[in-house]
Amino acid sequence: MTSSTKVLDGGWGWAIVAASFMAQFLAYGSPQSVGVLYPEWLHTYQEGKGMTAWVGSLVAGVGLIASPICSACVDNFGARPVTLFSGVMVAGGLMLSAFAPNVQFLIFSYGIVVGLGCGLVYAATLTITCQYFDKRRGLALGIVTTGTSVGAFIYATAQNELIVLYGLDGCLLIIGAMALNLMACSGFMRPLNMPGYYLKQKAALERNTEEQLFVKPPFDDLKIAVGSATTTPEKPLTVKELLITIDAKDLSIQTEKKEDHLAGLAIVKAIKKKQKAYSKYMQSLYEILQDQEMLAFCIAIFLFSLGAFPPVLFVEDVAQSGGLIEEVSVIPLVSIGAIATCIGKLALGILVDIKWINGVYLYAFTMLAAGLVLLFIPITKSYVGLQILTTILGFFSGNWSLTSYITTKIVGLDRLTQAHGILMFFGGFGIMLGPPVVGWFFDWTQSYDLAFYFSGICVLLGAFILFLLSLPCWNRRPSENDKPEVQYTSTCDKVASVA
């Protein structure tokens, strides 16, 4: 443990921060500024706004919905291989999009392939940063996560200029080639801790048994703290540990040890053990959603994502459709919103640390402000007014930085991983639905007015539900914060899963 402690909060850790910042910059630059590409896709493929909007909604939502899978990949293979593979996915998806014959192919290449690649990058960069930092972890993670906003700010202008110089296809090819630098970023991500896949191989080699090469090592081997030379005292298995240790490979081992006439009994026993673990996991998810405040937060996240994300995709088309500007500005509205979101993340993160400020009410206030801005967008008749509204909306959209903090306050640290996964599912689902719904409204009415009124009402409704159900007058069960913290074998177990 001593060797691992020496490298925390400095040294090579800052190289990790720089590499992770650049990885998020390269991966999320184009998806976060997809609003610049959207008008070009409309003109090129001549499809409806609702259908074309699926491209932007999937690239943002798929990574969130698949976050548990992405985290499992990082846990098993490590941040470096995952970032290397994600570089191939992001770059390949962008380059494939340059040759897309129709919107349906674009939905696959840009929406799903690039979206999954971004999800892998996000999980890998947060996990490796957490491993290298302890006391300065908040600062390090804050620097890393601003890479998405800075990337959106720069890429929006860059893609606009590349489209003018080389056309849409040339722009996507060049952006895809730049994304290949993700593989260079992965080279800096030297692992402090041996990933689960290598632990399994090491344990198998030590046992010198060929048939167990791909079988997970005993749980006691995995409980050795990552980077530690001493074992930890035995503790009761948590839900997560049960799901990890009970593997289908155990089935073959148990069967081989039994006589032929007892093989069927061993199979039934292993299946029941597996079912029991998953039943316990589903029961814990059900208990989390029974918390009234947590359920209200999930609904609020869904409604906010449904209503507040579409402007990122449609704001440039709104300006052009309304005759406020003939073509995308030198500094696009997407860039203005991205830099405002970056500032909002930092400012709201500072505010929520003030003792007398309630994090849930602060989030409800940001939703209220964002909902009012959305209602003002349809009645704005000048480009300057649209720039101001985009700035305000971008600032309050920085409330995503509050989700982990609020989740911890509601359910406690012991359930942070599962609760945050539920929140990301609701958020990703809302992001996936929002742009197509707004696009369908335009196809139906030939105007964005009704679409943005709908978006604003959704966000305001979410703020009202969150505020109302979080009032202290409701009789809720005792807070989970009173429970003792769960001791994890790795200091980054929670952050890896939250990513």
Side-chain angles (χ1 to χ4, degrees), residues 19-34 54-94 96-97 106-130 141 144-149 151-152 155 175-176 179-183 185-186 189 195 301-302 305 309 312-313 400-401 403-404 417-418 420-435 492 494-499:
S20 299
F21 174 89
M22 284 304 302
Q24 292 206 11
F25 174 89
L26 293 168
Y28 280 93
S30 181
Q32 289 289 317
S33 57
V34 70
W54 276 109
V55 181
S57 64
L58 283 173
V59 75
V62 164
L64 289 177
I65 291 179
S67 57
I69 299 174
C70 297
S71 297
C73 291
V74 176
D75 288 339
N76 280 280
F77 302 105
R80 178 182 285 171
V82 169
T83 305
L84 188 69
F85 180 70
S86 67
V88 176
M89 288 190 69
V90 174
L94 289 170
L96 274 176
S97 300
L106 203 61
I107 288 174
F108 166 75
S109 61
Y110 196 98
I112 297 178
V113 177
V114 176
L116 284 175
C118 290
L120 290 171
V121 170
Y122 194 76
T125 51
L126 290 194
T127 301
I128 192 69
T129 303
C130 171
L141 290 174
V144 169
T145 53
T146 54
T148 59
S149 300
Y155 267 68
I175 295 298
L180 289 171
N181 288 292
L182 280 165
M183 292 187 280
C185 294
S186 69
M189 297 180 182
I301 286 281
F302 170 75
S305 302
F309 178 73
V312 177
L313 183 61
W400 275 96
S401 62
T403 52
S404 297
T417 297
Q418 294 167 312
H420 202 278
I422 295 172
L423 277 178
M424 292 301 100
F425 175 81
F426 276 90
F429 193 56
I431 287 176
M432 285 178 60
L433 286 181
C492 298
K494 294 187 288 295
V495 175
S497 301
V498 165

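- The OG1 atom of Thr125 sits 10.5 Å away from the CG atom of Leu120 when rounded to the nearest 0.5 Å.
- The heavy-atom pair separating Ala27 from Cys118 by the smallest distance is O-SG, 3.3 Å.
- In plain terms, the two heavy atoms of Gly151 and Phe25 that are nearest each other are CA-CD1, 3.4 Å.
- Between Trp54 atom CH2 and Ile112 atom CD1 the span is 10.5 Å, to the nearest 0.5 Å.
- Interatomic distance, Cys70 SG to Leu116 CG, rounded to the nearest 0.5 Å: 6.5 Å.
- Within the model, atoms OG of Ser186 and CG of Asn181 stand 10.5 Å from one another, a figure rounded to the nearest 0.5 Å.
- Closest non-hydrogen pair, Met189 versus Ala23, comes out as CE-CB, 4.5 Å.
- The CG atom of Leu423 sits 10.0 Å away from the OG atom of Ser305 when rounded to the nearest 0.5 Å.
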- Task: Test side-chain hydrogen bond (donor to acceptor under 3.5 Å, both in side chains) on Tyr122 and Thr148 and set out the steps.
- Result: CA-CA 10 Å; Tyr122 194 76; Thr148 59; over 6 Å; no

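- When all heavy atoms are compared, the tightest approach of Tyr110 to Ser30 is OH-OG, 2.7 Å.
- Between Phe429 and Phe302, the two ring planes are parallel [angle under 30°; tilted spans 30° to 60°].
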task: Begin with the C-alpha distance, continue with both residues' side-chain angles, and end with the deciding distance and a verdict on side-chain contact (heavy atoms from CB on, under 4.5 Å) for Leu64 and Ile431.
output: CA-CA 9 Å; Leu64 289 177; Ile431 287 176; 3.6 Å; yes

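- With rounding to the nearest 0.5 angstrom, the CD atom of Gln24 is 10.5 Å from the CG atom of Leu182.
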Show your working on side-chain contact (heavy atoms from CB on, under 4.5 Å) between Val59 and Tyr28 and close with a plain yes or no. CA-CA 10 Å; Val59 75; Tyr28 280 93; over 6 Å; no

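- Of all heavy-atom pairs spanning Val114 and Pro31, the tightest one is CG1-CG, 3.9 Å.
- Considering every non-hydrogen atom in both Ala79 and Ala124, the closest pair reads CB-O, 3.7 Å.
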message: If you apply the rule side-chain contact (heavy atoms from CB on, under 4.5 Å), what do you find for Thr83 with Ser86, and how did you get there?
response: CA-CA 5 Å; Thr83 305; Ser86 67; 4.2 Å; yes

